[in-house]
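Note sheet for the following structure.
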Amino acid sequence: MNDVAFISVMHDPKGSLANSLKEALPVLKRHYSNGYIALSENTDRELKRLLEGAGFVVFFIEKRGAAAARRSILQLVQHTGHAHFHYCDLDRMITWCLSIRRSSKK
């Protein structure tokens, strides 16, 4: 069994990535059965709804910068029992998923 969990952070108060996330989630779920995402407390709640609907665990954290957010997600997932974690900023992962999705439609 591949025990690599996806972990990520995001700050998107306007929810501008919601539509892209919705399109990217099927690809993300195909590659990661487990995921943990830390959203800033200011992030639009639609992103939380989408991520949880796809089966990911979502945390809200205080907005204190990207480095603090990365440290926070590592602390939040350290006792989940996964052998490995793959970290990638959520906006970057969305871009990757959309690239895969669009190239597979050609």
Side-chain angles (χ1 to χ4, degrees):
M1 179 176 145
N2 184 0
D3 191 25
V4 178
F6 175 63
I7 60 173
S8 191
V9 299
M10 172 57 71
H11 171 70
D12 184 8
K14 295 181 181 178
S16 57
L17 289 173
N19 287 334
S20 296
L21 176 61
K22 191 181 302 183
E23 187 180 343
L25 279 171
V27 175
L28 189 58
K29 283 302 292 183
R30 220 173 25 244
H31 292 278
Y32 300 96
S33 56
N34 296 293
Y36 304 87
I37 317 296
L39 301 176
S40 72
E41 65 212 357
N42 306 53
T43 294
D44 185 87
R45 298 310 194 249
E46 176 66 7
L47 275 79
K48 178 182 188 292
R49 187 189 69 73
L50 290 168
L51 290 162
E52 287 180 338
F56 294 111
V57 177
V58 179
F59 305 96
F60 278 110
I61 59 172
E62 182 181 350
K63 183 183 181 302
R64 294 181 299 144
R70 291 178 186 122
R71 286 189 296 273
S72 291
I73 192 64
L74 288 171
Q75 287 177 331
L76 290 165
V77 302
Q78 67 181 337
H79 299 294
T80 57
H82 297 286
H84 305 283
F85 296 98
H86 176 210
Y87 173 85
C88 185
D89 290 332
L90 192 55
D91 56 338
R92 174 75 60 183
M93 185 56 80
I94 290 169
T95 300
W96 178 76
C97 289
L98 292 179
S99 172
I100 288 175
R101 186 174 172 101
R102 290 175 183 143
S103 67
S104 68
K105 289 183 177 181
K106 291 180 181 181

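Under the 4.5 Å side-chain heavy-atom criterion for grouping Ile, Leu, Val, Met, Phe, Trp and Tyr, Val57 is not connected to Leu25 through any hydrophobic cluster. No single ILVMFWY cluster, assembled from side-chain heavy atoms under 4.5 Å apart, contains both Leu39 and Ile61. Tyr36 and Leu51 fall into different hydrophobic clusters, where Ile, Leu, Val, Met, Phe, Trp and Tyr residues are linked whenever their side-chain heavy atoms come under 4.5 Å apart, directly or through other members.
Taking the salt bridge (Lys or Arg N to Asp or Glu O under 4.0 Å) definition, one finds that Arg30 meets it with nothing, sequence neighbours left out. Residues satisfying the side-chain hydrogen bond (donor to acceptor under 3.5 Å, both in side chains) criterion with Asp91, sequence neighbours excluded, are absent altogether. Among residues two or more places apart in sequence or in another chain, the salt bridge (Lys or Arg N to Asp or Glu O under 4.0 Å) test is passed with Arg45 by none. Applying the side-chain hydrogen bond (donor to acceptor under 3.5 Å, both in side chains) test to Glu62 and every residue at least two apart in sequence or in another chain returns nothing. In this view, Phe56 satisfies the ring-ring contact (aromatic ring centres under 6.0 Å, His included) rule with no residue, not counting sequence neighbours.
Atom-to-atom distance recorded for Phe6:CZ and Tyr87:OH is 8.0 Å, nearest 0.5 angstrom. Rounding to the nearest 0.5 angstrom, the gap separating the CD1 atom in Ile94 from the CG atom in Leu47 is 7.0 Å. Here CZ of Phe59 is found 11.0 Å from NZ of Lys48. Values are rounded to the nearest 0.5 Å. Note that CD1 of Ile37 and CG of Leu21 are 8.5 Å apart. Values are rounded to the nearest 0.5 Å.
A pairwise comparison of heavy atoms in Tyr32 and Val4 identifies CD2-O, 3.9 Å as the closest pair.
Considering only heavy atoms from C-beta on, Asp89 comes within 4.5 Å of Arg70 through its side chain.
Here side-chain hydrogen bond (donor to acceptor under 3.5 Å, both in side chains) pairs that include residues 18-29, with residues two or more places apart or in two chains, number zero.
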Query raised in the report: Run the side-chain contact (heavy atoms from CB on, under 4.5 Å) check on Met93 and His86 step by step: do they pass?
Result: CA-CA 11 Å; Met93 185 56 80; His86 176 210; 3.8 Å; yes
Report task. Start with the C-alpha gap between Leu74 and Ile7, add the side-chain angles, then the distance that decides, and say whether side-chain contact (heavy atoms from CB on, under 4.5 Å) holds. Result -> CA-CA 8 Å; Leu74 288 171; Ile7 60 173; 3.7 Å; yes
